Amino acid sequence: MSKSTDPQKGSQPEEFDPSKAWLSASSSSTSTDPSTPQDASSKHETPPKRLSLSDAVETIKPADLLTVHTMPCGRDGLMTGIAGGVGMMGLRWVTGSPVMKAANWGVGTFVGASMLGWEYCRWQRRKEFEKMKRVVEVYDQRQAEIAREKKKRQEEEAEKRRLEEAEAAKRKWSLKFW
């Protein structure tokens, strides 16, 4: 494990957390450690350690596997995988493959269909979020336009009222006979 210094915590070293590799990579170039020289030769630092599959697997907790159905697109991906896996297993078994071979095909199809279902759902969500973002932008623009028109109308009405009051004040003095 490598030790790094967190500028917010002072000089207390903390252990390397693979789930925060992006943080250590960005803070390594702006180190506040006085023992690290900040001259031209420090530009050629070694890149941070690349994360491996085992590092990624270590970040998965057993509780994560129990809550995968509550994640966005988790349920959709799993249902797609289950349906695809059962369908492929049944199809292979009906066509004469041994049960174990059909089950292997079913498991493989489950994994592939789950990943495809997950990615398709995520793609749909990204598109939906982009569309919602655009709708909000258009709505905000329209609200700003309405506010400008309302302000302009109020200014015109205030100017008209001021002119009418000025005319009324002139007429008031001009209509007095005594």
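Computed from a prediction, not measured in an experiment: that's the story for all the values here. Numbers for residues simply follow the sequence, beginning at 1.
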How long is the span from the [atom1] atom in [X] to the [atom2] atom in [Y], to the nearest 0.5 Å?
X: M115; Y: T80; atom1: CE; atom2: OG1; value: 13.0 Å
X: F129; Y: K133; atom1: CZ; atom2: NZ; value: 12.0 Å
X: Q141; Y: I146; atom1: CD; atom2: CD1; value: 12.0 Å
X: L116; Y: E119; atom1: CG; atom2: CD; value: 8.5 Å
X: K160; Y: R153; atom1: NZ; atom2: CZ; value: 13.0 Å
X: Q154; Y: E159; atom1: CD; atom2: CD; value: 14.0 Å

Between [X] and [Y], does at least one N-O distance fall below 4.0 Å, as a salt bridge requires?
X: E137; Y: R134; answer: yes
X: E128; Y: K131; answer: no
X: E149; Y: K152; answer: no

Within the structure provided, determine whether E167 and E164 are in side-chain contact (heavy-atom separation under 4.5 Å). no
Could you tell me which non-hydrogen atom of [X] sits nearest to which non-hydrogen atom of [Y], and how far apart they are?
X: R92; Y: W105; value: NH2-NE1, 3.3 Å
X: P72; Y: R122; value: CB-NH1, 4.2 Å
X: F110; Y: I82; value: CD1-N, 3.5 Å
X: S114; Y: G81; value: OG-CA, 3.2 Å
X: V68; Y: L78; value: CG1-CD1, 3.8 Å

So does C73 get a backbone contact from the side chain of D76, meaning a donor-acceptor N/O pair under 3.5 Å? no
For the side chain of S97 and the backbone of W93, is there at least one donor-acceptor N/O pair under 3.5 Å apart? no
Neighbour count above 12 (heavy atom, 6.0 Å) for M71 CE: yes
Hey, is CE on M100 packed in by over 12 heavy atoms from elsewhere, all under 6.0 Å? no
Within one Ile-Leu-Val-Met-Phe-Trp-Tyr cluster: M89 and V86, side-chain cutoff 4.5 Å: no
If hydrophobic clusters are built by linking Ile, Leu, Val, Met, Phe, Trp and Tyr wherever their side-chain heavy atoms come under 4.5 Å apart, do V111 and W118 end up in the same one? yes
